[in-house]
**Q** 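Quick one: structure below, then a few questions.
It should be emphasised that the depicted structure is a prediction, and the values quoted were computed from it without experimental measurement. Below, all heavy atoms of this structure are taken into account, side chains as well, without hydrogens, waters or symmetry copies. Along the sequence shown, the residues carry numbers beginning at 1.
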Amino acid sequence: MANPQIENGYTRIANELLEAICRLNISGNEMRILLYIIRRTYGFNRRYAEIPLSDISEALGMKKGNVSRGIKKLREANIVDHRPNKGTTPQTVSINKNYDEWAVETCADLLLSNLITVINSDNPKGYQFGNPTVINSDNPKGCQNDNHTYKENTKDSIKEKGERKATPPCHAGGNNRAFVNDDNYKCLVSEYGSEIIDKYIDRVDKWAFRKGKDLGECTDVIERWLEQDGVKKKDPMLKEYEKVINKFLPL
């Protein structure tokens with residue numbers, strides 16, 4: 001009967017990095033290779049390891065060709081750093097722990113990709129969520145009645161919309177592909193804190209940039225990702241507690 005114990009060896013890995021790996025939408029072979037690389041690097045308290053293809057192939061029961069293709073895809077996604085063997089020197093591999101640089105969809109990205117569809121090029125901020133619902137700068141939440149989406153009624157209003165310049169976003173990512181307006185930002189910050197919300201704005205913005213999309217107002221997306229990642233809200237009574245405690249603190 002198997003009875004593994006940490007006294008016989010264990011692998012140290014940051015929870016944040018492990019959670020990022022859990023969200024990866026990669027193939028089964030790629031995940032197995034990635035976990036084995038973690039075992040051979042972090043499992044020996046080192047950043048990189050010299051691992052021949054034959055070792056990975058034997059350990060995972062996988063053909064060398066499949067191992068080679070899996071490592072190539074992980075390298076192209078910037079998840080691992082791979083240096084091919086030279087002469088008698090075996091290949092070296094390491095994990096890129098900066099998961100913001102990973103050029104691959106997460107499971108949350110995949111869900112978002114299935115939910116969001118660009119309507120047309122004339123409406124660059126229009127997206128479709130499930131049933132047809134147009135989202136535009138005049139109606140950021142979209143409106144729907146009996147499965148029919150409301151559209152602008154006159155040619156003049158359409159022309160005006162095309163000529164009108166978009167209002168600069170209040171809180172945007174570095175690529176300006178996603179933003180949160182000021183009111184929604186204040187609401188999110190009050191619940192989660194500015195550090196977390198700024199991080200998620202940047203994550204959504206980078207995802208949109210990789211996909212070639214212009215999401216515009218992304219509050220709904222951020223709320224969905226926060227829920228999927230299990231991020232807890234701040235205690236709403238914390239400020240009240242602080243006020244009461246501060247009354248009794250010496251000046």
**Q** As a quick check of understanding, evaluate side chain to side chain contact (heavy atoms under 4.5 Å, CB included) for Leu188 and Glu223, giving each step before the final call.
**A** CA-CA 8 Å; Leu188 289 171; Glu223 288 177 337; 3.9 Å; yes

**Q** Rounded to the nearest 0.5 Å, how far apart are CD1 of Ile95 and CD1 of Ile38?
**A** 4.5 Å

**Q** Contact between Ile26 and Leu74 at the side-chain level, heavy atoms closer than 4.5 Å - yes or no?
**A** yes

**Q** Does Leu215 reach the side chain of Trp207, with side-chain heavy atoms less than 4.5 Å apart?
**A**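 With C-beta onward as the side chain, the pair touches.
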
**Q** If you count heavy atoms of other groups shown closer than 6.0 angstrom to CZ of Arg47, is the number above 12?
**A** no

**Q** Lys64: which residues meet the salt bridge (Lys or Arg N to Asp or Glu O under 4.0 Å) condition with it, sequence neighbours left out?
**A** none

**Q** Work out which heavy atom in Asp205 is nearest to a heavy atom in Ala178; give both atom names and the distance.
**A**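 Nearest heavy atoms, Asp205 then Ala178: OD1-N, 3.2 Å.
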
**Q** For the residue pair Cys218 and Val180, what are the closest heavy atoms and their distance?
**A**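 For Cys218 versus Val180, the nearest heavy atoms are SG-CG2, 3.9 Å.
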
**Q** Do Leu53 and Ile71 have side chains that get closer than 4.5 Å, going by heavy atoms?
**A**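 Yes. Closest side-chain heavy atoms under 4.5 Å.
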
**Q** Between Lys232 and Tyr192, is a side chain to side chain contact (heavy atoms under 4.5 Å, CB included) present by the stated rule, with each step listed?
**A** CA-CA 7 Å; Lys232 296 182 179 180; Tyr192 296 97; over 6 Å; no

**Q** Under 4.5 Å between side-chain heavy atoms, counting indirect links through other Ile/Leu/Val/Met/Phe/Trp/Tyr residues: same cluster for Ile13 and Tyr10 or not?
**A**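 Each belongs to a different hydrophobic cluster.
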
**Q** Is it the case that the side chain of Glu101 and the backbone of Asn78 share a donor-acceptor pair, with hydrogens and angles ignored and the cut-off at 3.5 Å?
**A**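 Not at all, since once roles are kept as given, no pair shorter than 3.5 Å links the two residues.
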
**Q** If you define the side chain from C-beta out and look only at heavy atoms, does anything of Asn96 sit under 4.5 Å from Asp81?
**A** no

**Q** Show every side-chain hydrogen bond (donor to acceptor under 3.5 Å, both in side chains) that has at least one partner inside residues 48-59, sequence neighbours left out.
**A** none

**Q** Has the side chain of Arg177 got a donor or acceptor atom that lies under 3.5 Å from a matching backbone atom of Lys213?
**A**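 Yes; at least one donor-acceptor contact below 3.5 Å.
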
**Q** Would Asp220 and Arg224 count as a salt bridge (Lys or Arg N to Asp or Glu O under 4.0 Å) here? Give the steps.
**A** CA-CA 6 Å; Asp220 291 342; Arg224 189 180 302 114; 5.9 Å; no

**Q** Would you please name every residue forming a side-chain hydrogen bond (donor to acceptor under 3.5 Å, both in side chains) with Asn8, sequence neighbours left out?
**A**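 Asn8 satisfies side-chain hydrogen bond (donor to acceptor under 3.5 Å, both in side chains) with no other residue.
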
**Q** Check whether any side-chain heavy atom of Arg203 lies under 4.5 Å from a side-chain heavy atom of Asp100, and answer yes or no.
**A** yes

**Q** Measure the spacing between NZ of Lys72 and CD of Glu30 and express it to the nearest 0.5 Å.
**A**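 Reported value, rounded in 0.5 Å steps: 12.0 Å.
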
**Q** Walk me through whether Ile21 and Ile79 qualify under side chain to side chain contact (heavy atoms under 4.5 Å, CB included).
**A** CA-CA 9 Å; Ile21 291 171; Ile79 297 174; over 6 Å; no

**Q** For the CZ atom of Arg46 and the OG atom of Ser94, what is their distance to the nearest 0.5 Å?
**A**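 Arg46 CZ to Ser94 OG: 12.0 Å, rounded to 0.5 Å.
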
**Q** Applying a strict under-4.5 Å side-chain criterion to I, L, V, M, F, W and Y, I'd like to know whether Met62 and Leu34 cluster together.
**A**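 Looking at the clustering, Leu34 is in the same group as Met62.
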
**Q** For Arg40 and Tyr36, which I'm curious about, is there any donor-acceptor pair between the side chains at under 3.5 Å?
**A** yes

**Q** Can you establish whether the number of heavy atoms outside Gln5 located under 6.0 Å from its atom CD is more than 12?
**A**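 Enclosed: over 12 neighbouring heavy atoms sit under 6.0 Å from CD of Gln5.
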
**Q** Listed by chain and number, what are the side-chain hydrogen bond (donor to acceptor under 3.5 Å, both in side chains) partners of Asp198, not counting sequence neighbours?
**A** Tyr185

**Q** Identify the two heavy atoms, one from Cys187 and one from Ser190, that lie closest to each other, and give their separation to 0.1 Å.
**A** O-OG, 2.5 Å

**Q** Got a second to check how far His171's NE2 is from Glu217's CD, nearest 0.5 Å?
**A**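 Here the rounded value is 10.5 Å.
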
**Q** In terms of hydrophobic clustering (I, L, V, M, F, W, Y; side-chain heavy atoms under 4.5 Å; direct or indirect links), are Trp102 and Phe209 co-clustered?
**A** no

**Q** Run the side-chain hydrogen bond (donor to acceptor under 3.5 Å, both in side chains) test against Asp202 and tell me which residues pass, sequence neighbours left out.
**A**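 Asp202: side-chain hydrogen bond (donor to acceptor under 3.5 Å, both in side chains) contacts with Lys206.
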
**Q** Hey, any chance Met31 and Leu60 share a hydrophobic cluster, counting ILVMFWY side chains that come within less than 4.5 Å of each other, even indirectly?
**A**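 Same hydrophobic cluster.
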
**Q** Walk me through whether Tyr200 and Val231 qualify under side chain to side chain contact (heavy atoms under 4.5 Å, CB included).
**A** CA-CA 11 Å; Tyr200 272 79; Val231 180; 3.4 Å; yes

**Q** Flag the pair Gln91 / Ile56 as yes when at least one side-chain heavy-atom distance between them is below 4.5 Å, and no otherwise.
**A**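 Heavy-atom side-chain distance check passes, below 4.5 Å.
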
**Q** On a heavy-atom basis, which atom in Gly173 and which in Ile201 lie closest, and how many Å separate them?
**A**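 Minimum heavy-atom contact is N-CG2, 3.7 Å.
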
**Q** Report the residues that fulfil salt bridge (Lys or Arg N to Asp or Glu O under 4.0 Å) with Glu16, sequence neighbours left out, ordered by chain and then residue number.
**A**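 Result, salt bridge (Lys or Arg N to Asp or Glu O under 4.0 Å) vs Glu16: Lys199.
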
**Q** Using a 4.5 Å cut-off on heavy atoms from C-beta on, say whether the side chain of Asn184 contacts that of Ile222.
**A**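 Result no, sub-4.5 Å side-chain heavy-atom pair not found.
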
